[in-house]
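Chain letters run A, B, ... following the sequence lines, proteins first, then strands; residues in each count from 1. When reading the values below, keep in mind they use all heavy atoms of this one structure, side chains included, and skip hydrogens, waters and symmetry mates. Remember, it's a predicted structure, so these values are computed and weren't measured experimentally.
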2 protein chains.
Amino acid sequence: MPRSQTRHSLANQILDIVRNARLEAGHHLREQWLGDLLGVSRTPIRAALDLLAERGAVETRKNQGFFLVQSFDALQRLQVEVPSSAEQSLYKQLVRDRLAGKLPGSVTQSEIAKRYDVDRGVLMRALSRLAEDNLVARNKGHGWRFLPTLATDVALRNSYEFRLAIEPAGILLDSFRPNPAVIERCRLQHMVLLSNPDLGSVDSAQLFETDVAFHEALAEFSGNLFLLQAVQQQNRLRRLFEFWSYGNKRRVRDWCREHLAIIDALEAQDFTRAANAMREHLTNAYEERPQISANAKSGKGSANRKKTLRA
Amino acid sequence: MPRSQTRHSLANQILDIVRNARLEAGHHLREQWLGDLLGVSRTPIRAALDLLAERGAVETRKNQGFFLVQSFDALQRLQVEVPSSAEQSLYKQLVRDRLAGKLPGSVTQSEIAKRYDVDRGVLMRALSRLAEDNLVARNKGHGWRFLPTLATDVALRNSYEFRLAIEPAGILLDSFRPNPAVIERCRLQHMVLLSNPDLGSVDSAQLFETDVAFHEALAEFSGNLFLLQAVQQQNRLRRLFEFWSYGNKRRVRDWCREHLAIIDALEAQDFTRAANAMREHLTNAYEERPQISANAKSGKGSANRKKTLRA
DNA sequence: TATTGTATATTCAGCGTCCATAATACTAGC
DNA sequence: GCTAGTATTATGGACGCTGAATATACAATA
């Protein structure tokens, strides 16, 4: 929630709403309506709409408010880039350097402040977020220590084992209630991927988000909040390790098919089959797991970033 | 890690060490040794030992340091009470009042500051801790909202379901390695409880800690960090709901026996049996789950809610 | 030599003030 | 009536300072 990041973030959410509701050009975007949907007051909504006006997605008419310039499908590609905060890059940098073995298991705030030349505010926020994600913990006295969560090979294995314990179990709960609309949406996303002859044109982030959306949707269906939170935590973790380069295109096709098989079972209300399929899917995923060493090498996806980690 | 709470906390940890190591009266407690064990420097250790000296557990000899006055078993009962901070009581108060329906789903800082007459520092820390425990989350704009985690009936059920998914699974992992010493210690604790003719003399906190120690030990044996973290989170949550009044003494004896059965299976290296026993144990625990009404005593506010779970 | 006692250097958390941002109330236009 | 535009109130984060708690270095003592 920091900074004017919210403006950008809200702008993106408004775009999502437009796309989801399939609004046409000329549609009147009422401020209060958006505010209610997003749970904020008109003030920040207005700021976000101003931003979108600058980008040409909407226009403002005096005393009438904001109107869509383009229809929802013309906006498919538009996305307001969220200015990455210093905090975020420090977060990533810390994870990166720790993985590369450049940081000791225990560090103090000022060591970091000196090394990366950031001020306390940024530093504290970054460390807090790392703590939230269970990547670091405060030492008893001074300093912070990295948790073994960041010893990737073991952590990766633990992660799959953990998901294997909870995700199929979630499907088998009495409270499990798949939402047809969400499922259909999910299926579509996967079809799009599969229909793409060369997955090369699809960027990793999109692949990953499709994957995440699928697993989190199922976790949500389970009706169990703890399960959902656990799955979300796992995904946040997975997002970190950027060996989501998806070099293995075949594997992508495979998991798409596996996801679709699970979706089929869900639509047939055959939850036992779905759970089994999920179990298999996770097992496969682990067996064809991304190679850490391969990733730690150069991280194509982030070539523009400083090559601090691989000498 | 706030305040001079650390002194008291450290003092208790030192007592634990003495008991675990079964040290005799007159034993020389070297500062650096304790510091290394607890991961802090000599300064706070010294403060804690001073505290223990005040309580008569250790004595200080000029230029020689600290020595145990009583042997480990004479110290079984001693525990330094940690002065409860304003932050902690606010935390509890908030949970309590929310459960009793006295607080709305969404609150702002100053509403709370006014209602409970606490300053912002305390307030922020309490809210942060609540957020860590996934009990509240920040609203997008201003204010905080309580998460459904605090809708006790559903949450309790979710909690058991979640534990049922992960705890037995942990036992069945390849990496599961029970530590004989820890198991033995656990067994002893349970035997003590069972041998107690009238559990009335044992206070709830101790019962609860025995329970928690058992489950967390097993989670730790699993070698899976995520699983351990998840179990710990569940226990932190359970600690909150103080319907751990253990009014049901019979149930206490039952779960002691169930725990012991699991321990037996572990010592026989029969992990399948142990996992099954754990599954049964958790199922029983849910079926004889604590009645929420007992806690929400005043709880007119939640009277409507609590009926939903009892069949 | 190993450990305590003491002094000094760091570290980080508390606290107060300030200000960007958000919520709310109110006015004006359609 | 509803909506946008504008002003006002408030919230909670940012920033800097200070001091207690911690770590560290060194002297004293068994």
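Within 6.0 Å of CD on B/E220 lie no more than 12 heavy atoms contributed by other residues, nucleotides or ligands.
Residue contacts for B/T43: at a heavy-atom cut-off of 4.0 Å it reaches a base atom on one of the strands shown. Counting any heavy atom pair closer than 4.0 Å across all strands shown, B/L29 reaches sugar-phosphate atoms only and no base atom. At a threshold of 4.0 angstrom between heavy atoms, the contacts of B/G65 are confined to the sugar-phosphate backbone, with no base atom among them.
Residue A/Q109 has its side chain nearest to C/dC12 when only C/dC12, D/dT22, D/dG5 are considered.
The nearest whole Å value for the distance from the CG atom in A/D119 to the P atom in D/dA14 is 10 Å. In this structure, CD of B/E59 is placed 14 Å from P of C/dT4, rounded to the nearest angstrom. Rounded to an integer number of Å, the gap from B/R30 CZ to D/dA30 C1' is 14 Å. What separates CG of A/N63 from C1' of C/dT27 is a distance of 11 Å, to the nearest Å. Atom CZ in B/R42 sits about 10 Å away from atom C1' in D/dA25, given to the nearest Å. As a whole-Å value, the separation of A/R61 CZ from D/dT3 P is 16 Å. Between A/R46 atom CZ and D/dA7 atom P there is a gap of 12 Å when expressed in whole angstrom units. The CD-C1' distance, from B/E111 to D/dT9, rounds to 15 Å in whole Å.
Comparing B/V122 and B/H28 by the nucleotide of DNA chain C that holds the closest heavy atom to each, the one mapping nearer the 5' end is B/H28. In this structure, B/V40 and B/W144 both approach DNA chain D, and ranking their closest nucleotides by distance from the 5' end singles out B/W144. Place B/P44 and B/H142 on DNA chain D by their nearest nucleotides, and B/H142 ends up nearer the 5' end.
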What's the verdict on side chain to side chain contact (heavy atoms under 4.5 Å, CB included) for B/L38 and B/I17, showing C-alpha distance, side-chain angles and the deciding distance?
-> CA-CA 10 Å; B/L38 296 172; B/I17 289 175; 3.9 Å; yes
CA sep, side-chain torsions, deciding dist, call: B/L103, B/F146, side chain to side chain contact (heavy atoms under 4.5 Å, CB included) | CA-CA 9 Å; B/L103 286 173; B/F146 285 95; 4.0 Å; yes
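No hydrogens or angles were tested; on distance alone, a donor-acceptor pair under 3.5 Å links the side chain of B/R120 to the base of C/dT17.
In this structure, B/F67 and B/H28 have parallel ring planes: the angle between them is below the 30° cut-off, well short of the 60° mark.
For the OP1/OP2 pair of C/dA23 and a distance below 4.0 Å, the side-chain nitrogens and oxygens of A/S41 include at least one atom meeting the criterion. Neither OP1 nor OP2 of D/dA21 sits under 4.0 Å from any side-chain N or O of B/T6.
Salt-bridge formation is not detected for the pair B/R19/B/D73: no Lys NZ or Arg NE/NH1/NH2 atom is positioned less than 4.0 Å from an Asp or Glu carboxylate oxygen.
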